Amino acid sequence: MNHSSLLTPHSSPIPVIAIDGPSASGKGTVAALVARELGFHYLDSGAIYRVTALAAQHAGIALDDETALAELAGKLNVRFDNGEIWLNGEKVGEAVRTEESGNAASKIASLPRLREALLAFQRSFRKAPGLVADGRDMGSVVFPDATLKIFLTASAGVRAERRYKQLMEKGMRANLARILQDIQQRDARDSARSVAPLQKCADASLLDTDALTIAAAVNEVLRRYQANRPPGVWN
Ligand code: C5P
């Protein structure tokens with residue numbers, strides 16, 4: 001009997017934990033730690049949008065040229081290796097972590113054909129023994145058959161305080177009221193956009209981290225994964 005015929009077209013026996021949520025919710029930190037605990041691969045999909053925007057800038061492609069961007073995304077020479085990102089054989093380093101890079105990523109992320117062109121690359125991260133995928137459309141579009149879908153959130157006030165602390169710890173100047181305003185504006189923009197808007201999909205499980213430490217949030221994701229995973233799956 002051909003068991004593959006029992007699987008839906010998107011189905012794969014390799015488990016995926018999809019973690020989505022608003023900016024500054026701590027989802028990246030939680031996702032990376034969950035991946036480490038389980039020995040799973042980790043997909044930082046935001047970094048893919050950031051590095052694509054950087055590649056476009058290198059190639060002199062305008063950030064609203066959907067056709068050229070989709071073509072570029074289809075043949076992107078990017079490698080993720082131990083937290084390092086390589087573009088065309090060169091380390092990109094902190095260049096993808098800047099505010100400008102985030103803005104450029106968010107611009108190109110609103111182009112449907114560009115998103116479509118990045119699908120196969122993102123899905124290529126699904127390798128044994130499993131994947132933790134971080135990003136807003138991980139559960140809805142990229143891995144609709146994910147084993148567990150988490151919508152990780154916290155109130156705008158708590159997220160602003162966390163970001164403020166982070167910046168202070170790095171010795172950077174920060175203004176809490178301003179950060180809160182930025183977070184509220186970004187939430188509104190992300191929720192209103194027509195392509196892959198910020199929203200909890202119906203089959204995602206909500207994890208509010210207002211009263212949770214990072215370790216507690218990680219443990220809660222692990223607990224839900226153990227409760228959800230189909231029998232016979234790794235870990
Ligand atoms: O998460 P990060 O800040 O690195 O993402 C950068 C931008 O890429 C986000 O502001 C968002 O607009 C976009 N993005 C997206 N879909 C994803 C991941 C990121 O649209 N799966």
Side-chain angles (χ1 to χ4, degrees), residues 10 16-35 41-57 63-64 66 69-70 72-73 76 78 80 83-85 87 92-126 131-146 149-154 156 159-160 162-163 166-167 179 181-201 204 209:
H10 282 303
V16 174
I17 300 176
I19 302 188
D20 192 6
S23 63
S25 61
K27 64 183 171 8
T29 309
V30 170
L33 288 170
V34 168
H41 299 277
Y42 168 55
L43 167 61
D44 173 359
S45 62
I48 292 183
Y49 285 91
R50 286 166 183 263
V51 77
T52 304
L54 189 70
Q57 282 159 339
L63 298 180
D64 58 358
E66 188 166 5
L69 286 168
L72 174 83
L76 210 56
V78 171
F80 285 73
E84 286 288 355
I85 305 174
L87 172 62
V92 299
E94 290 301 300
V96 285
R97 296 293 160 205
T98 62
E99 207 52 30
E100 296 82 68
S101 156
N103 285 333
S106 130
K107 261 192 200 148
I108 64 166
S110 65
L111 304 171
R113 281 164 58 205
L114 179 273
R115 300 193 75 87
E116 175 78 31
L118 287 175
L119 276 178
F121 182 50
Q122 295 178 85
R123 289 183 179 142
S124 73
F125 284 76
R126 186 176 202 164
L131 175 70
V132 182
D134 154 16
R136 66 199 55 228
D137 59 345
M138 294 298 102
S140 53
V141 178
V142 185
F143 302 107
D145 65 334
K149 300 178 187 181
I150 297 278
F151 190 81
L152 194 135
T153 190
R159 284 185 280 139
R162 287 180 187 160
R163 178 144 288 171
Q166 234 174 25
L167 292 170
I179 294 174
Q181 196 184 32
D182 281 354
I183 283 181
Q184 284 166 333
Q185 281 172 354
R186 190 146 152 194
D187 278 0
R189 204 171 50 228
D190 284 357
S191 309
R193 76 179 188 195
S194 58
V195 204
L198 174 67
Q199 59 181 26
K200 175 185 161 309
C201 51
T209 66

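Position 1 is the first residue of the sequence; numbering continues from there. Read the numbers this way: they start at 1 and go in the same order the structure lists the ligands and their atoms. These numbers come from a predicted model, not from an experiment.
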Report, in ascending order of atom number, the atoms of ligand 1 lying under 4.0 Å from any heavy atom of Arg186. 3 (O), 10 (O)

Hey, is NZ on Lys107 packed in by over 12 heavy atoms from elsewhere, all under 6.0 Å? no

Kindly indicate whether the side chain of Leu198, heavy atoms from C-beta on, has any atom under 4.5 Å from the side chain of Arg136. yes

Would you say that Ile19 contacts Met138 through its side chain, given a criterion of any heavy-atom pair below 4.5 Å between the two side chains? no

The atoms of ligand 1 lying under 4.0 Å from a heavy atom of Ser106, numbered in the order shown, are 10 (O), 12 (O)

Any Lys/Arg nitrogen of Asp137 or Arg115 sitting under 4.0 Å from an Asp/Glu carboxylate oxygen of the other? yes

Can you report which non-hydrogen protein atom sits closest to atom 5 (O) of ligand 1, along with the distance? Gly46 CA, 3.5 Å

re atom 16 (N) of ligand 1, the protein heavy-atom contact at minimum distance is Arg115 NH2, 3.0 Å

Mind checking whether Ser191 and Gln199 have side chains closer than 4.5 Å, heavy atoms only? no

Donor-acceptor under 3.5 Å (Arg50 side chain, Ala105 main chain): no

What I want to find out is whether Arg123 reaches Asp145 closely enough, with some N-O distance under 4.0 Å, to be called a salt bridge. no

Side chain, backbone, both or neither: which applies to Arg193 and ligand 1 if a contact is any heavy-atom pair less than 4.0 Å apart? side chain

Ligand-residue contact atoms, ligand 1 with Met138, heavy atoms, under 4.0 Å: 21 (N)

Please confirm whether Asp137 comes within less than 3.5 Å of ligand 1 when only nitrogen or oxygen atoms on both sides are compared. yes

Atom 7 (C) of ligand 1: which protein heavy atom is closest, and how many Å away? Ala105 CB, 3.8 Å

For Gly135, atoms of ligand 1 separated by under 4.0 Å from a heavy atom: 21 (N)

Starting from atom 13 (C) of ligand 1, which protein heavy atom do you reach first, and at what distance in Å? Ala109 CB, 3.7 Å

Can you pull out the closest protein heavy atom to atom 9 (C) of ligand 1? Residue, atom name and distance to 0.1 Å, please. Arg136 NH2, 4.1 Å

Checking the N or O distance criterion of under 3.5 Å, is ligand 1 in contact with Ser45? yes

Identify the closest protein heavy atom to atom 8 (O) of ligand 1: which residue and atom is it, and at what distance? Tyr49 CB, 3.7 Å

If only side-chain N and O atoms count, and only distance matters, is there a donor-acceptor pair under 3.5 Å linking Thr29 with Arg162? no

Atom 3 (O) of ligand 1: the protein heavy-atom neighbour that sits closest, reported with distance to 0.1 Å: Arg50 NH2, 2.9 Å

Not counting sequence neighbours, which residues clear side-chain contact (heavy atoms from CB on, under 4.5 Å) with Glu66? List them please. Leu111, Pro112, Arg113

